[in-house]
Structure formats: C-alpha cells, structure tokens
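The sequence lines fix the lettering, A, B, ..., with proteins before strands; numbering per chain opens at 1.
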Amino acid sequence: MLDKTFDAAAVETRVSAVWDEAEAFKAGAGAKPGAAPYSIVIPPPNVTGSLHIGHALNNTLQDVLVRFERMRGRDVLWQPGMDHAGIATQMVVERQLMERQEPGRREIGREKFLEKVWAWKDESGGLIINQLKRLGCSCDWSRERFTMDEGLSKAVTKVFVELYREKLIYRDKRLVNWDPTLQTAVSDLEVENIEMQGHLWHFKYPIEGEEGRSIVVATTRPETMLGDTGIAVHPEDERYKDLIGKYAILPLVGRRLRIVGDEHADPETGSGAVKITPAHDFNDFEVGKRQDLPMVNLFDTEANVVLEGNAEFLDGVAESDDLKATIATINGLDRFTARKRVVAMMEEKGLLEKVEEKPVMVPHDEKSKTTVIEPYLTDQWYADAKTLAQPAIASVREGRTTFIPKNWEKTYFEWMENIRPWCISRQLWWGHQIPAWYGPDGKVFVAYSEDEARAEAATHYGEATDLTRDEDVLDTWFSSALWPFSTLGWPDETPELERYYPTTALVTGFDIIFFWVARMMMTGLHFMGKEPFSDVYIHALVRDEKGAKMSKTKGNVIDPIVLIDEYGADALRFTLAAMAAQGRDIKLATARVEGYRNFATKLWNAARFAEHYECKRVGGFDPATAKETLNRWIATETTRAATAVTGAIEAYRFNDAAAALYRFTWNLYCDWYLEFSKPVLNGEDGPAKTETRATVAWVLDRIISLLHPFMPFLTEELWAREGDEGRTALMLNAWPDLGFEDSDAADEINWLIETISAVRSVRSEMNVPAGAMIELAVSGAAFTTAARLQSHNVLIRRLARAESLTLAHAPRAGALQIVVGEATFSMPLEGVIDIDAERARLLREIDKIAKDVGKIEAKLANEKFMAKAPEEVIEEQRERLAEAAALKAKTEAALARLEPAA
RNA sequence: GGGCGGUUAGCUCAGCUGGUAGAGCGCCACGUUUACACCGUGGAUGUCGGGAGUUCGAGCCUCUCACCGCCCACCA
C-alpha cells in the first residue's frame, strides 16, 4: 500500500540505494548492443564549493538529457569531477589560517601550505558531490576526476610543454592585470570594471627651453605621473606640431619627456596632448613601445610607490630639491595616498590647471570586488590565443559545433575574433606548477620533468648545471580547458577516450563561454583534432530576486538543499526544468517549487488510484488491441504526449517538455481519464473492466517513464511499487516509443469532454446547486451525436450530475439551454433558475458569438484576404464561420424559447 | 562607445518558422464524487511598453522612441 502522501525524503534515500546497487550510473549502463555513445562532461564545480541554485539548474538539465538518452538505449557517460579553483581555494585556506591565528602561508612555506590545502580539499571536496547526488545526478561517480589528480596533471604538463615547443606558449614582459592584494597576475576576464566617481586632473608641464610655455595634460591617476616618460600629440595637430621632437620637463621629478607625434593622441579630447606612462597604462604601454620610450615602474608588488633606489625612476634624472622633496613625500606610500600628495604638490607649484569630476571605470578583482587591479609590468607566461582561436572560430562558423540558443555564437565570435594573449601564469602556490626551469643565466628549459630539463641544460651549457624551477602555477582555467579529454584519460589512449570523445553536449551558463567553452574548443581542436562537443547548450543564470548574479561574497545565494529538504529533489528539478526557457535569467519563486511538489503528490495519488482499483501492469499489453473508446482515446493522447516530450528534449526545450508532461498527467489523465474509468472499474467484472485496468496501468507506466528524467526518485519508486515482477530499475528501462493513434476515438472523447464541461459551466454560472440532479434532454442531435450520447450516457450523467439523459424532438420551453455542436441540451429547471439571469446569460453568449461572426465575415469579405491568403486558411475561416453562425442561430432559438409556453 | 536581451493577466513567467492570447501562483464562487483539500468544479482579469511601417493578417517581421538588465571596450 502506498502512503497517503509522497514522502520525498524517505523515497530519495531508498531509491538512491537501488541505483547504487544496480550500478545504473556507470558508463554504458543499460545501453543497447551497438548503441551510439552519448557523453557529457560536467562543468567541474570548485572543490571547496557547495551547491548553489545555478549548479542545481545546470546539473538538472544535464541529468535530464543523460537519463533520457540512457533510457533510449544510448551508451551514456556523464563524466563528473571537480576543479581545484586556484585563487578561490588558496584564499579559503589562507583565511582559515588567519581565523585560527595560525602562521600564514609565507611563514610556513610552500610545502607545508600545500599540505594544508590538500587536507582541506579532502575534507570539503566531498560536500558538493554529495549534494549533486541528492539532486539525483546520474554521473558515473566511479570515474570522478580532479583537475589536480595525477592523470590530469600529466595532461596539463604535456599541453604546456607541447605548446611551448610549438611556440604557442611563451614568456614575455608586458603589462598585466595585477592584483596587489593576492600579489598575482590575473587574466583580462578576471577583472571587473566598476564605474566610480573620479576626477580628471589637468596638469601643466613646462616645455624645455621655452620659458613660460607649457603643455597641458590630463590624468585620472596623478600618482602615476612620476612614471611619465613622454608626451604624445597627434602628428597633424597644428597646435603642437612644432613641439614634436622637443622635450617637456616632468614636474616634481625633472625627467625630460620627449614629445612624440602619435595617432593615439586625439586632438578632440582634452587638450589634445597625452602624457605617456608606459609602465602603468595599457594604452601608454603600446605608445611607449612604438615610440621607444623608457618604461618606469613605480610600484612594488603591493602597489606601494617605490622611488628611493628605483633605478628606472632615477635614470637620467638630475639631483634636485624638487626630486628630493618628491622622494621624501611620496616614497613608500600606497597608490591612493600618493595620488593625493601628488595633486597637492602640483597645486602648490601652480601646475594644476583644473580638476573635473568624472565617472571613471576602475578595474577591480572579480572575486571580492574590493581590490583595485593595477596594470603592472612583469614577466609572465602567455598562450598565443589568437592562433589557437582560429580553428575554434571555424568550427562554429562551419556548424561542427552549434550553440543553442544560436545567438550566443555572436558573443563567441566577437570575443574570439578580438582575443588577446592569454596570461596563464599565476603567482600562487595552489595549482599546477609550471614545468619550466631556469639556468644561472636565466635561460629557460621547459620539459616534462626536472630530469629532462637537467639533461637539456647539460647539453646547452656543456656541463651539469643547477636549475631553479619556476615558482608560478598555471591559471585554473588552463586545466579546465582540457577537461573533455583529460578526464577520459588523455594523453593515454584509453578506450573511454576512443569511445566518448568528442562529447555530445556541453551544458553551461553564458558567464563562462569565454573562460571555459572557448578554451576547451581551442585545446580540443589542437590536441584531439576534433571539437570537444557538438552542441553547446547555454542556459539562463539563476539570479536573486533583484536580478543580481548570485555569489558567495554577496551572500545572496539560495541553497537548493534547503529546497530539497522542504519540497523534495523531484519538485526542485521539475521547477528548474520548467523554468529553463531559452532566455537569460531565472528568478526563482518558491511558490513554483511548491506547485510542482503538489504535482508530484498528484501523480502519487494517481498511482494510489491504480492500486485501489487493482489496475496492475499487464505484461505485453498493447493498447492497439483495446476495444473501449475511452482506452483508445487515452492511448492516443499518450502517444501524442510522448511525441511532444521526446521532441522537446531533443530540441533542448526543457520547459516545453515539462509543460507537456504536466498537462497530460494532470489535466488529461487524472482529471478526465481516471474519472471516466470509475464507472467501469466500480462495475461488474468483464472484458471492459479488465481492459480498462490494464490501460490505467499502462498509461501510468508511460507517464512514469516519460517523467523519469525530470522526477527520477518519485518515478523510480512508483515503478518498483507498481509491479511485482522484480524488474530492473526504471532508469534503465526503455523510453516509450509509441505509435498508436486513433483520431476517431480522440474526436469522440473530446466531444464528450466538451459536452460535460459545457453543462458544468452553465450549472455553475446559473447557480444550480452542485448536488442537484438535473434532467437533460437533447434535441437536434445528428446520428453520430445520438450514438455518442448513448454510449456515454452513464458518464455524462455522472460527471454532469444528471439523473436522466434523453433524446427529445424539441428543446423544452422555459429551460436552461446549452448548445454543443448541432445539438441543444435543455434542463428543465422551472422555479430553480432565475429566468432573467438566464436571459442575460444567453444574450451575453449571443453577443460574443456575434462579434466573432462579424470578424470572420469581414475577413472573408476582404478581397485581398481571399486573393492572397492560403487556401487552407480561408477554408479554416469558412468552417469557423459556419460553426459560429450555427451556434448563434441555436443560441438565439434558445433565447426565444426561454419564456415558458404560457 | 560597441553588442546582446527584456518590457504579455495582481505576481513569476511561457508563447518554435506571423493565421482565433496561455501556464503556475494568487483571487472569487461552489463543493455533489471514498486516488488526491499538496484536492475537485466553475469563474474573473490583458488596447501583448509607446509610435510608425511591411502584410490579406503582427505579441511574433522592419524602423523608431522610452525605460530596465547584462556582456564587451585602452579614450588621457
């Protein structure tokens, strides 16, 4: 016996155990012989993370696809794993050390610190996996990988070494986005520009040798002026043409600034002259390189100003009182204090022309959004993204990989076509240490191992030489970029790699198209020679109620586990799928989850209905052999629902699939079919009852199957409870592939539904007491209708609450009258109903129909419509007109008869 | 500055290639029916952001305006 309500928590535990035991998640489980592979790699969550609602959506959709394909008999692998998340994880552990007042990472050293990170990984890494399991994710957990496990590290090393040897990875000194708090380089993508209220200071720089003449330049960052090494003006700018080649004198420092002609200077902007600070501004860096200006770096790694003993700063600058004062005032200050002091000093000297308020975009670190990122001149490793991007662009261009929805391709192209070198080194400890070793003279040896590097060095130097390994680690995304093949065993030639690469679909959010999708495309094509996936399904981002992106630091994260505890995993999954329309954001409402929890209960109760009426699964039952119209009808509707669901999932239209399932289950199967079946099931035993019992069970089985990808726990439970044949898990059973269709039966029962609805509606509208049994007399019924009335006499009477249903020659006077098709149903209710109200009702009805008729008539009278509209549309309009006109006539007749034949 | 998306019932949102406006929740009324009150039956509510255009026909296509959101970008 099933309990009265569905206890999600208990069922989830029990069903999980069943799946475990059946090893139903394993790659290839349930696959038909010779089945084509279907594979998805999970977007690896951070090891230290916990499940947020975005993960829940992402993984629900993947699980829907994977369960669907597994039931269809494909050879399915859903490859799970986790990401080491360099910066995030290192920060977490550092914070822990601080909180516990233990020595910091620099004090305990690299090795000890890494031990602590690994310990933390072991402690926290299982959390999110368990949460994914609670969601019902059918990943092959036996194949779980980690970006820093041995195999994946091997893949990382190989990729680095090979790309280096192909000159697609190189070391370069250039401006990089530097995080002064973490003291590491970050990529362009990890910088978030935030608009802040700032100032634009206009400074006067004296011209050398021209007493009284100066040139005005503007800056939003006065502290960097100390690093100016030139001034640019437009080559064609008449105001400044004569100055090109001359020098200005940098105030406070005394450095001679060469005035250069460069297209970068825009005559329309500001004064038309730009100061050039090549070591502290990305534009200026380019100008500096073009014009061969010196680079003066002013900052240390924490972005404090270093002037004293700074050779670049002092180079070519004469001793002076100004210089001494500047060093005394500014040296050692942080950026922001230095800025104020510089402005004050310039003002004091009368060199501050004016200050404007100006909104400026300030680069911040993407994680905490508190540190201002500094353009900083350092040596870093770069990948030649431009070269790697070319095949990746072509793949999408030529349709070998498709984005769904398609408009994301534009975003992808936009970025890929303007891609810049990818800075792949990070000054962190947690991550893959770069396989590069330096000789005493700084010569670099990139190799698979230290031994190999030594050997190379020995050859190079002609003797054994001590080498120092590069301290830096690789960007976390460098290892995730290899995920689709590294997880399958690459660089080894494993059977899994052979079988499951390229993967079929990638399911992810648009926020990591650049970070991840694009880079997987690049490495996949380069190393495997094939796109890593054929479909990229981009889903919405789940946002908080204000529409803001959820983040741990903002603390606006909805915990899906709380929702699972309250409503069950199935309800949450169904909600997410139902809301996964191919749009941009999802704002999750709890009421929606509750609604789908109710849906789960509804299905549960339908199963209880089946149990109560002993509707047991009949092996080999074929609805095509059914005799009863009702059964033929519901079987037809089942086929239609299955077709809709299958098509929707294939097209990644998860919301359509969910809606079709909801409607079929609740509004057709429960609301109508089960109600229709009651008289038979309560009646005498016989062929009709036997057939109906079998059909009730058969449809329920199809519903459970079709619903399984969305609500795996509930459906698996019902599957097991319903039958007694000791069959295998539902998740490994066949996806319904139905072909039965009887449109005559469908028409007949749809007429029946329409008829009952019409009677109910009028009863309710005319305030006929719900319990009152009425008499129904039908006039004007055509032969088919008369036959139908006879076949469904019992049902109509039962569901429309009528004690009699008879044919009559003419409608009764003074009765409630309802027109259904060509027939008129009348209910003599003299004294019970309010004649005036009924008259009003009929008038309203007629009015509505008349409007309809008017519209269609106008359309058909329109010559252009008749000339240009397709024949079937015209035909449809004609039919509609005929129907509406007939309905109107009948309703008018009903109105005329309303007065009792006094 | 460039790009993308949104504006549909009180709320949250569906409406694929143009052909009679939908769901869930909420709301109102009524509760006959032993699967289900996490329920049943019935009901109300929309100049589909504004304007113009294309079309026989526009929520859907084009242009334009307004507001909202996101992504990208080196304008001192």
Give none if [N] has no partner; otherwise give the nucleotide forming a Watson-Crick or G-U wobble pair with it, both distances under 3.5 Å.
{"N": "B/rC75", "result": "none"}
{"N": "B/rC39", "result": "B/rG31"}
{"N": "B/rG26", "result": "none"}
{"N": "B/rC67", "result": "B/rG6"}
{"N": "B/rA21", "result": "none"}

On a whole-Å scale, what distance lies between the [atom1] atoms belonging to [N] and [M]?
{"N": "B/rG6", "M": "B/rC65", "atom1": "C1'", "answer": "16 Å"}
{"N": "B/rA9", "M": "B/rU54", "atom1": "C1'", "answer": "30 Å"}
{"N": "B/rU64", "M": "B/rG1", "atom1": "P", "answer": "16 Å"}
{"N": "B/rG59", "M": "B/rG51", "atom1": "P", "answer": "13 Å"}

Margin query: Just N and O in the side chain of A/W666: are any of them under 4.0 Å from OP1 or OP2 of B/rG40?
Written below: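 Answer yes for this pair, as a side-chain N or O of A/W666 is under 4.0 Å from OP1 or OP2.
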
Check: Taking atom types as modelled, is there a side-chain donor on A/Q291 or A/D262 under 3.5 Å from an acceptor on the other?
Finding: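 Yes, side-chain donor-acceptor contact under 3.5 Å.
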
Notebook entry, point to check: Using a distance-only test with no angle check, is there a side-chain donor-acceptor pair under 3.5 angstrom linking A/E190 and A/S187?
Noted result: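 Distance-only check passes for A/E190 and A/S187.
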
Note to self: Determine whether A/E414 and A/T411 satisfy the following criterion, side-chain hydrogen bond (donor to acceptor under 3.5 Å, both in side chains), listing intermediate values before the conclusion.
What the structure shows: CA-CA 5 Å; A/E414 184 63 29; A/T411 308; over 6 Å; no

Is the base of [N] touched by the side chain of [X] through a donor-acceptor pair closer than 3.5 angstrom?
{"X": "A/R597", "N": "B/rC38", "result": "yes"}
{"X": "A/R760", "N": "B/rU41", "result": "no"}
{"X": "A/K602", "N": "B/rC36", "result": "yes"}

Next item on the list: Taking all heavy atoms of A/V274 and all of A/V217, pick out the closest pair and write down the distance.
Entry: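 Between these two residues, the closest heavy atoms are C-CG1, 4.1 Å.
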
